[in-house]
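Notes to accompany the following structure.
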Amino acid sequence: AAPLSWTIQNEHLRVVFDPSTGLLKTIENLDKNISLPVSQNFFWYNASTGNQENNQASGAYIFRPNGSEPFHVSQRARLYHVKNQVVQEVYQNFSAWCSQVVRLYAGEPYVELEWTVGPIPIQDGLGKEVISRFETNLQTDGLFYTDSNGREILERRRDYRATWNLSQTEPVAGNYYPVNSRIYIKDKKVQLTVLTDRSQGGSSILDGSLELMVHRRLLHDDARGVGEPLLEPGDYHHGLVVRGRHLILLDTAESSADQHRLRAQQEFMAPQVVFAPGGGPPYQPG
Amino acid sequence: NANSSVLRQAMGVAQHHDAVSGTAKQHVTNDYAKQLSSGWDACQTVVSNALASIMGTKENFIYCPYLNISVCLLTEAAETFMVIVYNPLARPVDWNMRLPVNGSHYSVVDPNGQAVLNEVIPVSSFTQAVRRDRGYAANELVFRASAPPLGYRTYSVSRRPGKKPALARELKRLLYRPG
């Protein structure tokens with residue numbers, strides 16, 4: 001079939017997909033007339049089992065990939081989409097163990113990415129640490145921002161520590177930081193913010209890029225005390241499947257905080273949904 | 001018979017860095033999960049009592065912790081059911097509901113008796129693979145709920161007889177393989 005318009009759009013946002021790869025291509029904020037090329041894909045770092053410099057293996061305590069370049073889960077995603085009035089969805093299938101739904105709800109100023117990752121295959125004998133990476137053309141000059149400890153947002157500078165002279169020996173792990181609810185990158189005009197639904201590790205390994213670790217499955221203990229590799233079996237001993245959400249906000253650097261602070265609060269203290277059979281009692285406004 | 005202490009104690013145990021960061025042995029990790037699950041089970045009675053108190057009526061409240069994989073035995077099977085949305089924030093919020101269902105047409109009515117725009121879309125193959133044999137919903141009912149500050153709203157959902165076999169008119173579903 002000839003590629004149609006791989007676009008979903010609501011009142012606030014337009015999301016464009018590359019028909020040749022199935023990957024996210026552009027996000028546009030229609031209210032502010034901002035258009036940002038954004039490529040998003042899933043990759044995995046090969047977990048280190050130790051090397052000549054250091055016998056430290058990646059494990060429960062330690063994140064230590066054996067190289068700085070992650071591997072694609074897939075360079076292409078198979079797509080289908082569902083367009084309705086209330087919600088528009090693009091389904092991306094990257095592999096048998098990695099998929100994602102990109103959603104735009106009517107009236108909502110964010111893009112929802114619901115990812116499903118696992119069971120991570122280990123038949124090749126390689127431990128894997130899976131990331132979702134966003135690549136943009138923002139001139140970030142090595143800076144990115146995380147909200148460690150769920151309190152103030154801290155500026156992070158790649159290969160830098162504020163209180164001592166850092167000799168970076170781990171270009172990936174040495175730049176990973178805790179992300180409790182949000183991570184963002186920005187230039188002087190535009191900010192791309194990703195809200196998480198759980199604590200994750202995150203970084204900006206390259207200028208204009210942003211990544212979050214969504215799942216990991218390892219074959220070696222890191223010898224820090226736990227005494228077991230991070231190898232959760234899950235149902236039927238096939239490995240855990242993890243499903244989560246990332247909310248993407250694109251706005252001006254000045255007004256992004258208005259968006260992400262309220263939205264993150266709503267995610268953290270989400271409404272409680274309870275059901276009851278039958279038609280139910282009358283509503284009591286009080 | 002409500003008791004929130006079970007969850008309180010489980011949360012206390014889960015402050016250990018092993019629980020926060022995932023650095024425990026597997027059987028300890030399993031126990032953290034079990035304690036939290038037991039705590040939440042106990043707290044459901046607390047929440048049910050609170051809802052019964054503020055609603056002024058006792059209901060058989062049902063909780064569906066597997067909504068993220070489209071599993072909820074009540075919504076999958078019932079012809080009519082009630083959705084109660086409690087908002088813990090001190091400002092009104094809107095929330096997009098996604099409920100696993102097996103019908104193809106539904107009526108959703110808000111507390112004022114107004115019909116709420118809703119759609120029924122098929123459960124994705126991704127979700128079917130994840131949930132395995134835990135649920136059999138073919139579709140998801142999607143609608144936007146709103147809730148007042150520190151308060152709740154109830155939505156009544158009724159299944160309508162559908163003559164069409166499967167969503168053909170509403171859905172614009174396109175299959176495409178890149179390259």
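A, B, ... follow the sequence lines: proteins, then strands. Residue 1 opens every chain.
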Dump the intermediate steps for side chain to side chain contact (heavy atoms under 4.5 Å, CB included) on V273(A) and I84(B), then the final yes or no. CA-CA 6 Å; V273(A) 180; I84(B) 302 139; over 6 Å; no

Please flag which part of A270(A) lies under 4.5 Å from any non-hydrogen atom of chain B: side chain, backbone, both or neither. both

Distance col, row N87(B):CG vs M269(A):CE, nearest 0.5 angstrom, shows 8.5 Å

Shortest non-hydrogen contact from E59(B) toward A276(A): OE1-CB, 4.0 Å

Can you tell which part of D18(B) gets under 4.5 Å to a heavy atom of chain A, answering side chain, backbone, both or neither? side chain

R98(B) vs R103(A), side chain to side chain contact (heavy atoms under 4.5 Å, CB included): CA-CA, chis, key distance, verdict: CA-CA 12 Å; R98(B) 300 180 72 90; R103(A) 289 197 180 101; 3.0 Å; yes

Is there a donor-acceptor contact under 3.5 Å from the side chain of R144(B) to the main chain of Y105(A)? no

Smallest heavy-atom separation, P271(A) atom then P88(B) atom, equals CA-CD, 4.0 Å

Could you have a look at N118(B), L99(B), T80(B) and say which one has the most heavy-atom pairs with chain A under 4.5 angstrom? T80(B)

Quick check for you: among Y155(B), W95(B), F143(B), which has the greatest number of heavy-atom pairs under 4.5 Å with chain A? W95(B)

Using a cut-off of under 4.5 Å for heavy-atom pairs, which of N60(B), L89(B), V28(B), V109(B) has the most such pairs with chain A? L89(B)

If I measure from the heavy atoms of chain A, does T75(B) come under 4.5 Å with its side chain, its backbone, both, or neither? side chain

For the pair Q272(A) and Y63(B), evaluate side chain to side chain contact (heavy atoms under 4.5 Å, CB included) and give the outcome as yes or no after the intermediate values. CA-CA 10 Å; Q272(A) 175 71 51; Y63(B) 298 81; 4.3 Å; yes

Given E228(A), E89(A), E114(A), the one with more heavy-atom pairs under 4.5 angstrom with chain B than any other is E228(A)

Please state whether the side chain, the backbone, both or neither of Q75(A) comes within less than 4.5 Å of a heavy atom of chain B. neither

List the steps, then state whether side chain to side chain contact (heavy atoms under 4.5 Å, CB included) holds for V274(A) with M82(B). CA-CA 8 Å; V274(A) 187; M82(B) 185 170 60; over 6 Å; no

Considering only heavy atoms, which portion of L117(B) lies under 4.5 Å from any heavy atom of chain A: side chain, backbone, both, or neither? both

What are the two closest non-hydrogen atoms of R243(A) and N68(B), and how far apart are they? NH1-O, 2.8 Å

Can you tell me if R224(A) and T23(B) form a side-chain donor-acceptor pair at under 3.5 Å? no

Check each atom of A24(B) against the heavy atoms of chain A and say whether the ones under 4.5 Å are side chain, backbone, both or neither. backbone

Does NE2 in H17(B) sit with more than 12 non-hydrogen atoms of other residues, nucleotides or ligands closer than 6.0 Å? yes

Residue Q26(B) excluded, over 12 heavy atoms near CD under 6.0 Å: yes

Given heavy-atom pairs under 4.5 angstrom as the criterion, report whether the side chain, backbone, both or neither of N93(A) touches chain B. both

I69(B) portion near chain A, given a 4.5 angstrom heavy-atom threshold: both

Which residue out of Q44(B), R91(B), E79(B) racks up the most heavy-atom pairs below 4.5 Å with chain A? R91(B)

Roughly how far, to the nearest 0.5 Å, is the NZ atom of K83(A) from the CD1 atom of I121(B)? 14.5 Å

Part of L262(A) lying under 4.5 Å from any heavy atom of chain B: both

Considering only heavy atoms and a distance below 4.5 Å, find which of N30(B), D110(B), T127(B) pairs most often with chain A. T127(B)

Side-chain ion pair, K25(B) and E232(A), N-O less than 4.0 Å: no

Contacting region of V130(B) [heavy-atom separation from chain A under 4.5 Å]: side chain

Fit a plane to each ring of F275(A) and F81(B), take the angle between them on a 0 to 90° scale, and name the class: parallel (under 30°), tilted (30 to 60°) or perpendicular (over 60°). perpendicular

With side chains defined as the heavy atoms from C-beta onward, is the minimum distance between Q100(A) and F126(B) less than 4.5 Å? no

Heavy-atom distances under 4.5 Å only: say whether T29(B) touches chain A with side chain, backbone, both or neither. side chain

Side chains of N96(B) and V87(A), heavy atoms from C-beta outward: is any pair under 4.5 Å? no

Would you indicate whether the side-chain heavy atoms of Y80(A) and S124(B) approach each other to under 4.5 Å? yes

